[in-house]
Amino acid sequence: MKNLKPGLVSIVSPGYNSARFYPDVIESVRAQTYADWELLVVIDEGTKDNTAELINGWNAKDPRIKLVRVPQGRGLALARNYAMSVAEGQYIAFLDSDDMWMPKKLESQLAFMKKNNLTISCTSFRRVSEDLSKTGHLIPVPNEITYETLLVNNVMGCLTVMFDQRATGLQKFQETKHEDYLLWLSILKKGHQGGGLNEDLARYRIVKNSRSANKLEMIAFRWKILTEHQGLSAVDAAKYLMLYGITSLRKYARF
């Protein structure tokens with residue numbers, strides 16, 4: 001295991017042709033009341049916009065903001081994995097190129113993790129429209145999150161997740177859909193303590209044609225995760241898939 005800087009939060013932010021969103025992302029990170037962080041912006045070599053120039057410009061102002069390049073066409077999982085492999089922080093957090101944090105996100109979440117001796121945690125968040133003109137209702141999280149909790153529904157929004165890699169060791173996403181959900185399941189299945197901070201600390205931007213837009217595809221991959229990756233029987237998988245449908249309807253019935 002590489003040497004990690006205690007207390008440092010390494011923020012992994014993969015982006016592809018996302019220059020129009022990154023000013024909001026960066027400003028939300030620089031506004032954090034907790035200042036011990038590094039922001040690793042990971043771009044595919046196939047990126048055609050000015051994301052690289054934008055990030056290098058910010059790096060000149062704030063060296064905590066760093067550009068990381070990965071080969072073209074290798075996918076989101078590889079981008080995140082590479083960033084985590086070079087991350088220097090004790091903690092890993094995630095913030096995609098179109099999402100944002102509220103100013104006390106890191107400070108509040110770290111205090112919550114330390115108080116409750118957690119290895120992995122998440123927070124509540126709100127969805128926002130692409131142009132930020134509309135803000136949705138608060139999506140809550142349970143205080144205690146176990147492997148069983150996550151089988152019922154993925155309550156851990158990736159933009160809010162943070163884990164202590166001194167406890168977990170170096171982690172890797174699998175090259176598949178819902179790679180984040182699989183990683184959270186893997187960490188919790190090993191017995192690590194998880195929890196949710198029910199505070200309004202992040203904003204998930206709804207972007208047209210995003211990866212999460214196709215709900216039928218999401219259900220199909222959820223079935224695959226439960227049966228192939230988690231080894232559940234068809235009966236148990238059907239039960240959890242039904243519960244997932246019910247909880248998702250409650251979560252997304254209104255904006």
Side-chain angles (χ1 to χ4, degrees), residues 11-32 39-55 58 65 67-70 72-81 83 93-103 105 122-141 153-162 173 175-184 200-222 244 248-249 251-255:
I11 306 161
V12 175
S13 181
Y16 182 76
N17 293 331
S18 301
R20 69 190 189 280
F21 295 134
Y22 262 117
D24 293 333
V25 176
I26 291 169
E27 289 295 352
S28 79
V29 173
R30 296 188 77 229
Q32 291 299 302
L39 175 61
L40 304 175
V41 177
V42 195
I43 66 167
D44 186 307
E45 290 288 1
T47 296
K48 296 178 175 62
D49 68 6
N50 66 329
T51 299
E53 291 80 1
L54 177 71
I55 301 307
W58 276 108
I65 301 168
L67 181 67
V68 179
R69 293 180 181 270
V70 293
Q72 182 175 354
R74 298 294 181 87
L76 183 59
L78 179 139
R80 287 176 174 158
N81 288 342
F94 302 93
L95 186 62
D96 284 353
S97 59
D98 45 12
D99 299 327
M100 293 154 284
W101 288 342
M102 306 308 287
K105 195 266 187 187
C122 63
T123 77
S124 297
F125 65 95
R126 296 179 190 269
R127 292 177 293 166
V128 293
S129 58
E130 185 168 340
D131 63 0
L132 306 183
S133 63
K134 184 177 180 181
T135 301
H137 72 283
L138 185 69
I139 297 177
V141 292
N153 195 19
N154 183 12
V155 297
M156 307 184 77
C158 189
L159 76 161
T160 75
V161 170
M162 185 189 302
F173 290 96
E175 282 286 355
T176 183
K177 292 287 183 71
H178 300 292
E179 70 286 335
D180 54 345
Y181 180 43
L182 273 174
L183 183 58
W184 318 151
D200 182 12
L201 294 172
R203 295 289 181 267
Y204 179 87
R205 194 193 303 249
I206 303 297
V207 178
K208 187 178 180 181
N209 298 323
S210 68
R211 294 173 81 232
S212 60
N214 190 327
K215 301 305 180 187
L216 289 177
E217 186 181 73
M218 289 176 66
I219 292 172
F221 276 101
R222 175 73 59 140
Y244 162 70
S248 294
L249 281 175
K251 182 189 292 187
Y252 299 117
R254 59 191 175 94
F255 189 80

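Inter-residue side-chain proximity for L132 and R205 is flagged as met; some heavy-atom pair is nearer than 4.5 Å. You'll find the side chain of I206 stays beyond 4.5 Å of the side chain of S129, heavy atoms only.
T135 meets the side chain to side chain donor-acceptor pair (under 3.5 Å) test with no other residue; sequence neighbours excluded. With sequence neighbours excluded, the residues that form a salt bridge (Lys or Arg N to Asp or Glu O under 4.0 Å) with E130 are R20. Applying the salt bridge (Lys or Arg N to Asp or Glu O under 4.0 Å) rule to R203 yields the partners D200; only residues at least two apart in sequence or on another chain are considered. Here N154 pairs with nothing under the side chain to side chain donor-acceptor pair (under 3.5 Å) rule; sequence neighbours left out. Among residues two or more places apart in sequence or in another chain, the side chain to side chain contact (heavy atoms under 4.5 Å, CB included) test is passed with D49 by N17, A19, T47, T51. Every residue two or more places apart in sequence or in another chain that forms a side chain to side chain contact (heavy atoms under 4.5 Å, CB included) with A52 is listed here: I43, L67, R69. The ring-ring contact (aromatic ring centres under 6.0 Å, His included) test applied to F221 returns no partner, not counting sequence neighbours. Applying the side chain to side chain donor-acceptor pair (under 3.5 Å) rule to S97 yields the partners S18; only residues at least two apart in sequence or on another chain are considered. Every side chain to side chain donor-acceptor pair (under 3.5 Å) that S13 has, sequence neighbours left out, goes to Y22. With sequence neighbours excluded, no residue satisfies salt bridge (Lys or Arg N to Asp or Glu O under 4.0 Å) with D99. Legend: residues meeting ring-ring contact (aromatic ring centres under 6.0 Å, His included) with W58, ordered by chain and number and at least two apart, are absent.
If you run side chain to side chain contact (heavy atoms under 4.5 Å, CB included) between P14 and each of L78, L95, L76, only L76 comes through.
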